[in-house]
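In this text the structure is predicted, and so the values were computed from the model without any measurement. The sequence lines fix the lettering, A, B, ..., with proteins before strands; numbering per chain opens at 1.
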There are 2 protein chains.
Amino acid sequence: MATIYEVSKLAGVSLATVSRVINDSSAVRKTTKDKVERAMKQLNYKPNSVAKSLASNRSDCIGVLVSELKSPFFTRMMGAIDAECRQFEKHIVVTASENDPLHEKEGIEFLIGRNCDALILHVESLSDEYLIELSQGKVPIVILNRQIPQISDHCISLNNELGGYLATKAVIEHGHRNIVYISGPEHKKDAIQRLAGHRRALMEAGIGIDQTRIFTGDYLQTGGQEGFKHFHDSGIQFSAVVCGNDEMATGVMATARECGLSLPEDLSVMGFDNVVFSRYTFPRLSTVDNPITDMGKMAARIIMEDVYKKSMGSINKSFEPSLVIRESVSRITKD
Amino acid sequence: MATIYEVSKLAGVSLATVSRVINDSSAVRKTTKDKVERAMKQLNYKPNSVAKSLASNRSDCIGVLVSELKSPFFTRMMGAIDAECRQFEKHIVVTASENDPLHEKEGIEFLIGRNCDALILHVESLSDEYLIELSQGKVPIVILNRQIPQISDHCISLNNELGGYLATKAVIEHGHRNIVYISGPEHKKDAIQRLAGHRRALMEAGIGIDQTRIFTGDYLQTGGQEGFKHFHDSGIQFSAVVCGNDEMATGVMATARECGLSLPEDLSVMGFDNVVFSRYTFPRLSTVDNPITDMGKMAARIIMEDVYKKSMGSINKSFEPSLVIRESVSRITKD
DNA sequence: GGCTTAAATGTAAGCGCTTACACCAAAATA
DNA sequence: TATTTTGGTGTAAGCGCTTACATTTAAGCC
């Protein structure tokens with residue numbers, strides 16, 4: 001591979017001049033520039049980004065840490081971030097924490113060690129304190145899907161409470177009053193917030209809150225299965241089940257059918273997130289759209305502005321979910 | 001951030017010695033090693049991987065080029081590669097080509113420019129010639145999901161023909177004889193191969209091949225919709241539709257229902273790939289499992305062996321798909 | 001044409017690390 | 001005891017680039 005030195009020799013200029021035309025960092029006479037460009041082409045010169053990164057202390061790379069690589073949720077997020085970065089010739093380097101707090105820390109250190117110019121983090125286990133400290137370090141960070149008051153400037157988050165509220169409200173508006181709820185794990189903040197929204201909707205409709213109508217699942221399909229079985233076996237009457245996320249909703253659907261119910265006539269199901277496959281279920285899942293791609297995009301934008309001084313459109317750090325009504329919630333007139 | 005120089009000063013040894021304990025590249029006396037390690041800990045020293053990479057011409061990074069970041073198919077692949085690399089403290093740097101031939105080339109150049117030690121490529125548009133030339137370059141490559149005879153050593157591929165055969169054969173064995181096929185785009189090799197397998201199964205069962213029973217779709221949900229409508233409108237009798245992939249199969253399901261069919265009684269549907277959501281459809285989609293995670297894993301392994309000289313288990317470059325029978329294909333006795 | 005000023009280019013010192021080579025002491029051999 | 005080997009360590013030259021600073025060249029002005 002040709003180096004900048006060879007280019008400079010061929011073009012008959014100094015290293016510095018070549019570097020200048022590559023980065024057009026300062027004025028270079030047109031004729032000189034042409035010479036250099038010709039030489040570059042002739043040698044098929046490609047700048048060595050590692051050397052560049054070492055010398056300039058700038059990598060044009062944005063580190064992205066996600067919980068897992070194989071989930072469609074994160075994929076959409078990454079895709080959005082990558083698309084945005086690409087426009088400015090920045091690149092992402094991704095690492096996965098596999099939902100493990102140790103890995104999360106390692107991942108962050110890896111990305112910093114890789115000289116990333118900024119970090120976009122989706123972390124669940126790491127403490128607020130750690131993140132606050134991190135945000136005061138050298139590398140700018142943006143935290144996705146989490147709200148830490150002390151550093152809210154660095155956080156992009158979704159109003160999960162509102163989402164939970166909208167979901168349940170929609171179900172109520174379809175005539176349901178006997179509603180059960182399958183929540184995500186208690187240690188997940190979004191799960192707690194979604195449940196809070198659910199409660200608010202019930203209260204507002206004058207439906208009392210009954211702890212026995214809430215089941216705590218694992219955000220996976222199994223959680224939906226277990227939740228449905230739990231309610232089914234307990235003899236509780238219910239015409240609708242609202243779920244903390246779409247995975248659990250599909251679990252409910254499958255298990256309800258196994259128990260002989262036909263959907264959506266006998267049971268309405270509501271999800272949350274609007275993941276890709278929610279369109280593929282039958283009946284198609286009504287859910288709450290989680291604008292994760294918009295949020296990812298925004299994270300990238302913030303970095304473009306703050307780190308690379310590229311001015312973009314307006315900045316918004318707080319996102320609102322919206323309802324997606326499909327067929328899995330049926331209208332009933334009498335409970 | 002502390003540098004190796006500061007560590008060496010604090011530990012009272014030379015740069016070289018510190019480097020040696022970091023990489024344990026040559027013998028260092030135990031006591032010296034301890035001193036250095038203590039110094040590293042005290043300074044919270046983290047090696048600067050960019051500098052390391054520049055000096056050693058080795059990045060411990062494996063470049064991965066995928067067609068798109070947002071597809072669950074590639075996500076699974078990436079996840080598998082990453083998991084394998086992680087075991088050996090290697091990392092992946094991913095870039096997406098967005099299904100664009102120009103981007104594919106750019107992506108490869110980017111990864112090479114990033115000093116990747118090896119490349120794992122999933123490319124569709126780039127010519128065989130280009131890849132053959134590339135494989136003769138300095139950077140080792142592994143090509144996923146494509147078979148190029150001249151460099152088959154670098155290729156990991158799936159027997160798509162067999163998959164197509166198994167899919168149709170299973171449908172036939174369920175008693176169907178009036179079968180239509182919705183293929184992927186004609187310029188995609190896997191689509192052609194899958195279709196060839198379909199034909200073989202038909203022939204073998206003594207069912208003639210009828211071009212009017214083959215529709216060329218786009219591998220997306222819309223392809224399934226269009227395909228079903230096409231056959232439905234044309235008045236062709238069919239009890240089963242075999243699809244080139246799962247996305248199209250879901251399109252068929254949705255559209256068939258819109259036309260008043262009930263599934264799987266009135267129509268059997270067969271997919272291909274066994275993507276995540278195929279478990280979530282109703283009826284659950286029968287399909288052909290595409291062992292993309294195994295293939296990704298194997299790609300990583302090959303690199304571990306060839307590039308990093310880590311000996312792994314056995315190497316296999318040719319994968320076979322297997323049937324996944326769920327409920328979307330029903331048994332019929334009479335057509 | 002001589003002067004000032006600005007524009008264009010060159011020089012060279014790093015960035016933080018690896019590694020070939022040199023060196024030295026201690027152990028092994030004769 | 002002299003000599004070779006070896007294990008342990010240091011020295012210093014890069015890796016390919018950026019960039020502050022110095023220097024040269026061209027332009028502008030009276």
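Picking from C:dT9, C:dG16, D:dG16 the nucleotide with the shortest atom distance to the side chain of A:A55 gives D:dG16. Candidate nucleotides C:dG16, D:dT9, C:dT18 were compared by shortest atom distance to the side chain of B:S26, and D:dT9 ranks first.
Under a 4.0 Å N-O distance rule, the pair A:R86/A:D82 qualifies as a salt bridge. Salt-bridge annotation for A:D34 and A:R38: absent, with no side-chain N of the basic residue lying under 4.0 Å from a carboxylate O of the acidic one. At a threshold of 4.0 Å, the pair A:R76-A:D273 does not count as salt-bridged, since none of the basic side-chain nitrogens sits closer than that to a carboxylate oxygen.
Interatomic distance, B:R146 CZ to B:K188 NZ, rounded to the nearest 0.5 Å: 11.0 Å. Atom CZ of residue A:F88 and atom CZ of residue A:R301 lie 8.0 Å apart, to the nearest 0.5 angstrom.
Taking side-chain N and O atoms only, B:T32 has a distance below 4.0 Å to OP1 or OP2 of D:dT9. Considering only side-chain N and O atoms, B:S14 lies under 4.0 angstrom from the phosphate OP1 or OP2 of D:dG10. Of the side-chain N and O atoms in A:Y5, none sit less than 4.0 angstrom from OP1 or OP2 of C:dA12. Between B:T17 and D:dT9 there is no side-chain N or O to OP1 or OP2 distance below 4.0 Å. Here A:N23 reaches the OP1 or OP2 of D:dT18: one of its side-chain N or O atoms lies under 4.0 Å away.
Heavy-atom nearest nucleotides on DNA chain D were determined for A:L15 and for B:A27, and the one closer to the 5' end corresponds to B:A27. Comparing B:S25 and A:S56 against DNA chain C, the residue whose closest nucleotide sits nearer the 5' end is A:S56. Between A:S19 and B:A51, the one whose closest nucleotide on DNA chain D sits nearer the 5' end is B:A51.
Screening B:I156, B:N290, B:N145 against B:F319 for a side chain to side chain contact (heavy atoms under 4.5 Å, CB included) leaves a single residue, B:I156.
D:dG16 atom C1' lies 10 Å from atom CD1 of A:I22, rounded to whole Å. Taking atom NZ on B:K46 and atom P on C:dC15, their separation rounds to 21 Å, with Å as the unit. The NZ-P distance, from B:K33 to D:dT9, rounds to 12 Å in whole Å. The nearest whole Å value for the distance from the CG atom in B:D24 to the C1' atom in C:dT18 is 15 Å. Rounded to an integer number of Å, the gap from A:N48 CG to D:dG14 P is 18 Å. Between the P atom of D:dG16 and the NZ atom of A:K52 lies a distance of 16 Å, rounded to the nearest Å. Note: CD (B:E6) to C1' (C:dC15) measures 13 Å, nearest angstrom. Rounded to an integer number of Å, the gap from CZ of B:R20 to P of C:dT18 is 11 Å.
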In dot-bracket, 5' to 3', how would DNA chain D read with Watson-Crick or G-U wobble pairs under 3.5 Å, [ ] for crossing ones and | for pairs to another strand?
||||||||||||||||||||||||||||||

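Note on B:N57: nothing from the nucleic acid sits closer than 4.0 angstrom, heavy atoms only. Nucleic acid contact for A:V13: sugar-phosphate only, since backbone atoms but no base atoms lie under 4.0 Å from a heavy atom of the residue.
For the pair A:K90 and A:Y308, the cation sits on the ring face: its NZ or CZ lies under 6.0 Å from the ring centre, inside 45° of the axis.
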Stepwise, does the side chain to side chain contact (heavy atoms under 4.5 Å, CB included) test hold for A:M298 with A:I315?
CA-CA 7 Å; A:M298 189 53 72; A:I315 292 295; 4.0 Å; yes

